[in-house]
Amino acid sequence: MDCIFCKIIAGEIPSKKAYEDEYMLAFHDINPQAPVHILVIPKAHIPSVDGVNADNSTVVAKIFETIPKIAKEAGLTNGYRVITNCGDDACQTVKHLHFHIMGGKKLPENMG
Ligand code: 5GP
Ligand code: ZN
């Protein structure tokens, strides 16, 4: 499958890992929009939030159980933002479900 994030999971494209287990991989965004900008992705290919269903939602729960740990280990002691873009209007560019963890400064209130 021609999916850049599946290639990162397979190790075909290098990434700076922040966390990994059987369900997920977290790595630093190549084009950070904040001092800390980590992407958390399921190892299973799910295209977006639109592709979450009763058969695959366990990994989403696991990701949200783990995000606080990833954030803490990245030094985000004063809060952080978790974002997922779904579809064209949200400007989703990579069609593999991912959650942005952003922080390390006071982020803008206005999200557009
Ligand atoms: P989206 O716009 O789909 O919500 O976010 C995709 C994110 O993936 C962007 O922030 C972009 O910088 C990041 N990204 C795209 N390709 C790569 C890559 O090859 N490596 C890493 N580390 N991040 C990537
Ligand atoms: Zn994928």
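The chain is numbered in sequence order, starting from 1. Note that ligands are numbered from 1 as they come in the structure, with each ligand's atoms numbered from 1 the same way. Hydrogens, waters and symmetry mates play no part in the numbers below; they use all other heavy atoms, side chains included.
Ligand 1 lies less than 4.0 angstrom from a heavy atom belonging to Cys91. Within the structure, ligand 1 has His98 among the residues with a heavy atom less than 4.0 angstrom away. Remark: distances from the non-hydrogen atoms of His28 to ligand 1 include one below 4.0 Å.
The contact set between ligand 1 and Phe27, taken as ligand atoms under 4.0 Å from a residue heavy atom, comprises 21 (C), 22 (N). Under a 4.0 Å criterion applied to the non-hydrogen atoms of Phe5, ligand 1 contributes the atoms 8 (O). If you number the atoms of ligand 1 from 1 as listed, the ones under 4.0 Å from a heavy atom of Thr93 come out as 1 (P), 2 (O), 3 (O), 5 (O), 6 (C). In the vicinity of Gln92, heavy-atom distances shorter than 4.0 Å reach the ligand 1 atoms 3 (O). Within the listing of ligand 1, atoms 12 (O) sit less than 4.0 angstrom from a heavy atom of Asn31.
Of the heavy atoms in Ile83, none comes closer than 4.0 Å to ligand 1. Counting heavy atoms closer than 4.0 Å to ligand 1, residue His100 contributes side-chain atoms (C-beta onward) but none from N, CA, C or O.
Considering backbone and side-chain atoms alike, Ile13 places every N or O at 3.5 Å or more from each N or O of ligand 1. Checking only distances, His37 never comes within under 3.5 Å of ligand 1, N or O to N or O.
Relative to atom 20 (N) of ligand 1, the option among Ile4, Ile8, Ile41 with the closest non-hydrogen atom is Ile8.
Geometry about the Zn ion (ligand 2) gives an angle of 110° between SG of Cys3 and ND1 of His45, rounded in steps of 10 degrees.
The ring-ring contact (aromatic ring centres under 6.0 Å, His included) with Phe99 is formed by just one residue from the set Phe5, Phe64, Phe27; it is Phe64.
Shown here is Asn53, whose CG atom has more than 12 heavy atoms of other residues, nucleotides or ligands within 6.0 Å.
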